[in-house]
There are 2 protein chains.
Amino acid sequence: MNLRQLSEELGLSQTTVSRALNGYPEVNEATRQRVQAAAEAHNYRPSQQAKSLATGKSMQIGHVIPFSAQHDMVSNVVFSDFIGGAGEVYAQHGYDMLLSMVNFDDEERAYRELVRKGSVDGMIVHGPTQDDPRIALLKELDIPFFVHGRSTHVTTPYNYLDVNSKSAFRRATDFLLDLGHERIGLINGSERMDFAQRRRAGYEAALTARGIAIDTDIMRSNEMTEPYGFSAACEMLTSENPPTAFMASSIVPALGIRRAIESQNLTVGRDVSVICFDDAISYMPNGEGEPIFTAARSSVRDAGRRCAELLIAQIADPTADPVSELWDAELVVGRSTGPAPKKD
Amino acid sequence: MNLRQLSEELGLSQTTVSRALNGYPEVNEATRQRVQAAAEAHNYRPSQQAKSLATGKSMQIGHVIPFSAQHDMVSNVVFSDFIGGAGEVYAQHGYDMLLSMVNFDDEERAYRELVRKGSVDGMIVHGPTQDDPRIALLKELDIPFFVHGRSTHVTTPYNYLDVNSKSAFRRATDFLLDLGHERIGLINGSERMDFAQRRRAGYEAALTARGIAIDTDIMRSNEMTEPYGFSAACEMLTSENPPTAFMASSIVPALGIRRAIESQNLTVGRDVSVICFDDAISYMPNGEGEPIFTAARSSVRDAGRRCAELLIAQIADPTADPVSELWDAELVVGRSTGPAPKKD
DNA sequence: CGCGGCATCCAAAGCGCTTTGGAAATGATT
DNA sequence: AATCATTTCCAAAGCGCTTTGGATGCCGCG
């Protein structure tokens with residue numbers, strides 16, 4: 001059942017039926033009722049492709065997800081919650097989400113294709129690196145886009161929403177320093193990512209401000225998995241000068257750190273303290289009620305919602321100036337932190 | 001730059017240019033070269049909507065993800081890995097993935113719309129329940145679809161790929177029984193899900209075969225989060241007749257169970273054994289090398305790949321008979337299991 | 001009574017592609 | 001040289017929608 005058939009059956013022109021269905025004023029209310037009833041009865045839905053071709057809007061928003069044998073973004077812990085939040089907002093506005101999975105090497109081509117093909121009206125950029133080339137690319141392609149995170153060294157303005165990773169890690173590290181910890185391990189995410197750089201900067205700033213030297217022996221950077229947290233923490237704990245506290249970039253490696261601590265017959269929050277960044281991942285919540293880990297918390301799902309809203313606004317008015325938001329993480333105190341143990 | 005402009009510039013008809021680009025034989029090889037070069041030079045990509053409108057194929061595959069305030073599928077641990085695998089295969093075949101996020105109540109409508117609008121050429125059904133209504137719906141809508149999992153009580157044939165959950169849990173429970181455990185807790189996923197029912201059936205079958213009574217006091221069912229595993233295990237461990245072993249439906253609650261065991265100053269694999277189902281989630285791997293948990297393992301990413309392949313085959317030949325695959329999980333032995341502790 | 005204004009509807013022209021049904025040119029065959 | 005098959009190309013008709021630019025009829029008003 002298409003528009004022509006429907007209009008013939010109603011004895012109306014396609015114009016009128018289309019207008020009736022799309023809520024235009026120049027159609028008699030009685031006629032509109034009749035049209036809507038008929039459309040309902042035949043379960044009529046306008047063809048999205050025809051509609052898109054006529055209007056020039058695809059009503060789809062693109063997310064490009066690079067993958068490789070080693071790692072990929074979709075398996076990044078925070079990704080699924082982010083798109084969950086974004087997807088909600090898309091749905092409210094009649095948009096669908098287009099996910100394009102591509103090899104790392106083909107990423108640029110994927111952006112180009114999606115835009116040139118006209119498959120999407122806007123795009124979200126995930127996991128920006130420093131000086132991320134995708135920002136310039138999308139500007140060149142002249143399509144609305146929104147960055148989840150920030151890209152250091154990109155000077156032209158662009159739309160982004162980021163959490164203030166540096167101040168979050170600065171504060172969290174200060175919190176440990178205030179508890180008397182002087183040797184604090186950093187178990188960071190992959191420092192290809194801009195946010196990981198910022199977290200390290202916050203960590204280092206806090207140490208430096210107290211006159212504690214940066215020691216790369218107790219600093220790691222990698223994809224944020226549980227075994228990574230475990231092995232990194234094990235190495236440090238069994239070293240000559242083990243840390244008394246850890247800063248972790250996500251709750252996932254933090255779970256590994258916990259396992260490492262307990263495997264050394266030490267107790268979390270007493271012998272060794274742990275603070276992590278908590279993205280409030282829905283299936284990996286930081287406890288119910290009292291937090292498991294003392295953490296810098298910021299909901300990635302909320303970020304997804306907000307990015308989607310702002311992107312849709314940008315699509316609606318592409319001439320609007322770029323907007324940016326910088327969210328502060330909140331520091332929640334759980335049972336994973338305590339005073340530094342007395343030295344022997 | 002569209003087809004007309006390109007063809008005018010080349011002094012050729014749209015027909016010839018289109019055919020040259022799409023690899024049809026009735027075009028001179030020299031001409032084809034010239035066309036391809038020009039297309040490349042102008043960075044020309046045919047409009048997807050126009051193409052879809054003309055061919056009737058959207059080259060998109062739909063995934064409907066219901067969400068609610070409580071839980072949603074996208075945040076389900078296994079989901080992101082599944083779509084990661086599926087997305088790879090889609091990309092290889094020129095398909096894109098369309099994700100539609102909808103309220104639980106609107107799920108049926110979402111399927112209807114996506115199909116009627118012509119936005120998708122096929123669909124994947126996630127997380128089937130018993131007697132899942134979506135199967136009948138998609139048959140009525142007459143669109144190729146593929147189910148990840150199975151739906152008990154649906155008698156008409158349909159495409160699916162499932163892991164033999166029952167036999168996996170049967171074998172795993174037998175493994176614990178062989179180690180002398182007689183009181184084994186079950187920390188299952190939500191039993192709205194078909195697979196959770198099957199896992200429980202496997203667990204119960206193993207117990208019954210040894211003449212051990214089913215005791216619902218040590219059986220739980222819920223969304224598979226870490227805190228759920230923790231609190232469920234805590235309750236059981238502090239009860240009058242605590243289990244000496246646990247079966248968990250995923251590695252995520254298993255991590256919670258581990259935390260619960262250690263919070264009771266007990267040791268995993270010595271005082272209390274744990275076996276979980278391991279979906280081989282990429283950022284939550286079951287250790288590196290030696291498994292953390294003894295587990296029934298089956299890669300959900302591989303399942304995603306395979307579902308995508310089979311769905312694409314079905315789209316290519318919609319008259320083909322439904323296919324189904326039932327994968328066996330492998331039982332991998334880690335450090336989380338050991339002989340039942342001697343009774344006092 | 002004639003005219004402007006309003007409400008309601010419609011014919012037709014796109015949107016950018018694919019594909020059908022030839023046409024023209026070329027080469028091979030008799 | 002005439003015929004026929006091939007190769008190579010093209011004009012034009014869709015695909016199903018939106019939207020422009022009227023047309024029609026009806027009303028009130030001077």
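Within every chain, numbering begins at 1; the chains are lettered A, B, ... in the order of the sequence lines, protein sequences first and strands thereafter. Just so it is clear, the values below take in all heavy atoms, side chains as well, and ignore hydrogens, waters and symmetry mates.
Note: CD (Gln48(A)) to C1' (dG16(D)) measures 12 Å, nearest angstrom. Counting to the nearest Å, the P atom of dC15(D) and the CG atom of Asn2(A) are 8 Å from each other. Between Met59(A) atom CE and dC17(D) atom P there is a gap of 17 Å when expressed in whole angstrom units. Atom CD of Glu29(A) is separated from atom P of dC6(C) by 20 Å (rounded to the nearest Å). Atom CD in Gln5(B) sits about 13 Å away from atom C1' in dC17(C), given to the nearest Å. If you measure from atom CZ of Arg4(A) to atom P of dG16(D), you get 8 Å, rounded to the nearest angstrom. Rounded to an integer number of Å, the gap from CE of Met1(A) to C1' of dC15(D) is 17 Å. If you measure from atom CG of Asn22(B) to atom C1' of dT19(C), you get 11 Å, rounded to the nearest angstrom.
Between Glu107(A) and Arg134(A), at least one side-chain N (NZ, or NE/NH1/NH2) sits under 4.0 Å from a carboxylate O, which counts as a salt bridge. Using a cut-off of 4.0 Å between Lys/Arg side-chain N and Asp/Glu carboxylate O, Arg306(B) and Glu309(B) are scored as salt-bridged.
Under 4.0 angstrom from either OP1 or OP2 of dT18(D) there lies at least one side-chain N or O belonging to Ser18(A). Distances shown here put every side-chain N or O of Tyr24(B) at or beyond 4.0 Å from the OP1 or OP2 atom of dT18(C). Put simply, Thr15(B) has no side-chain N or O that comes within less than 4.0 Å of OP1 or OP2 on dT20(C). For dC9(C), one of the phosphate oxygens OP1 or OP2 lies less than 4.0 angstrom from a side-chain nitrogen or oxygen of Thr31(A).
Residue Gln49(B) is classed as having no contact, given no heavy-atom separation below 4.0 Å to the nucleic acid.
Nucleotides of DNA chain D nearest to Glu26(B) and Lys51(A) differ in position, and the one nearer the 5' end is that of Glu26(B). The residue among Leu53(B) and Thr16(B) whose nearest nucleotide of DNA chain D lies closer to the 5′ end is Thr16(B).
Atom-to-atom distance recorded for Asp96(A):CG and His63(B):NE2 is 12.5 Å, nearest 0.5 angstrom.
The distance between the ring centers of His126(A) and Phe82(A) falls below 6.0 angstrom.
The nucleotide whose nearest atom lies closest to any side-chain atom of Gln14(A) is, among dT18(D), dG16(C), dC10(D), dT18(D).
No hydrogens or angles considered: nothing links the side chains of Ser151(B) and Asp194(B) as a donor-acceptor pair under 3.5 Å.
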